[in-house]
Amino acid sequence: QVRLVQSGGGLVQPGDSLQLSCVDSGRTFSLNYMAWFRQAPGKQREFVAAISQTGSPRFYADSVKGRFTISRDNAKKTGSLRMNNLNPEDTAVYYCAADPSAYSENYAIANAYTYWGQGVQVTVSS
């Protein structure tokens, strides 16, 4: 069983950095592909980044490539999303997700993930 608890959201200014964390209180974190999605008001949930069980490969949406970094520490059952150079378009609720069956062909599809964190708000505003 996977139970994901998120932390790290908040209000920041354009250009600032923020790190989100996702901790699994279960026992099978290392068996799961992991991803981050986000949902802005009035918009559909969109893919942000994904990472395989071993930490490689990693995938990013074009809108965050070069600014965001996804990582994981299987020993600590923790996944992270480091977000640099944030801009107002990054404002959204961010969700971490995990699934043992996700893989390199469907990592960007929300329906590929069974387990979800509670979501944290990230607001970028001056």
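Residues Val2 and Thr28 meet the side-chain proximity criterion, which asks for heavy atoms closer than 4.5 Å. Considering only heavy atoms from C-beta on, Arg67 comes within 4.5 Å of Asn87 through its side chain. Side chains of Val23 and Leu4 form no contact here, defined as non-hydrogen atoms less than 4.5 Å apart. Residues Arg38 and Glu46 have side chains in contact (heavy-atom distance under 4.5 Å, counting atoms from C-beta outward). Within the 4.5 Å cutoff, the side chain of Asn84 has no heavy atoms near those of the Phe68 side chain. Within the 4.5 Å cutoff, no side-chain heavy atoms of Ser125 are placed close to those of Gln13. For the pair Cys22/Trp36, a side-chain contact is recorded, criterion being any heavy-atom separation below 4.5 Å from C-beta on. Residues Gln53 and Tyr33 have side chains in contact (heavy-atom distance under 4.5 Å, counting atoms from C-beta outward).
Of the possible polar contacts, one joining the Asp73 side chain to the Lys76 backbone as a donor-acceptor pair under 3.5 Å is found. With hydrogens and angles ignored, the 3.5 Å screen pairs a side-chain donor or acceptor of Asp24 with a backbone N or O of Arg3. With hydrogens and angles ignored, the 3.5 Å screen pairs no side-chain donor or acceptor of Thr91 with any backbone N or O of Glu89. A donor-acceptor pair under 3.5 Å links the side-chain atoms of Gln118 to the main chain of Gln6, judged by distance alone. Within the 3.5 Å criterion, the main-chain N or O of Met34 finds no donor-acceptor partner in the side chain of Asn32. Of the possible polar contacts, one joining the Arg58 side chain to the Ile70 backbone as a donor-acceptor pair under 3.5 Å is found. Not a single donor-acceptor pair under 3.5 Å links the side chain of Lys77 to the backbone N or O of Ser30. Not one N or O on the side chain of Gln121 forms a donor-acceptor pair closer than 3.5 Å with the backbone of Tyr94.
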Worksheet entry | Trace of the side-chain contact (heavy atoms from CB on, under 4.5 Å) decision for Tyr113 with Phe37 | CA-CA 11 Å; Tyr113 297 88; Phe37 290 79; 3.7 Å; yes

Fill in: Val124 and Asp16: CA distance, side-chain angles, deciding distance, side-chain contact (heavy atoms from CB on, under 4.5 Å) verdict
CA-CA 8 Å; Val124 185; Asp16 283 353; over 6 Å; no

Practice prompt. Test Leu18 against Val122 for side-chain contact (heavy atoms from CB on, under 4.5 Å), laying out the working first.
Written response: CA-CA 9 Å; Leu18 201 61; Val122 173; 3.9 Å; yes

Practice prompt. Give the C-alpha distance, both sets of side-chain angles, the deciding distance and a yes or no for side-chain contact (heavy atoms from CB on, under 4.5 Å) between Gln19 and Ser80.
Written response: CA-CA 7 Å; Gln19 179 154 314; Ser80 299; 3.9 Å; yes

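Under a cutoff of 6.0 Å and an axis angle of 45°, Arg45 and Tyr95 form a cation-pi pair. Stacking of Arg72 on the aromatic ring of Phe29 is recorded, both the 6.0 Å distance cut-off and the 45° axial limit being met.
Aromatic ring pairs are classed by plane angle as parallel below 30°, tilted from 30° to 60° and perpendicular above 60°; the pair Tyr107 and Phe59 is parallel.
For the residue pair Thr54 / Ser56, no side-chain donor-acceptor distance below 3.5 Å is found, with atom types taken as modelled.
The shortest heavy-atom contact between Ala61 and Phe47 is CB-O, 3.4 Å.
Here Thr69 contributes atom OG1 and Lys65 contributes atom NZ; the two are 12.5 Å apart, rounded to the nearest 0.5 Å. Atom-to-atom distance recorded for Leu31:CG and Asp99:CG is 11.0 Å, nearest 0.5 angstrom. In this structure, CG on Leu20 lies 9.0 Å from SG on Cys96, to the nearest 0.5 angstrom.
No single ILVMFWY cluster, assembled from side-chain heavy atoms under 4.5 Å apart, contains both Val93 and Val64.
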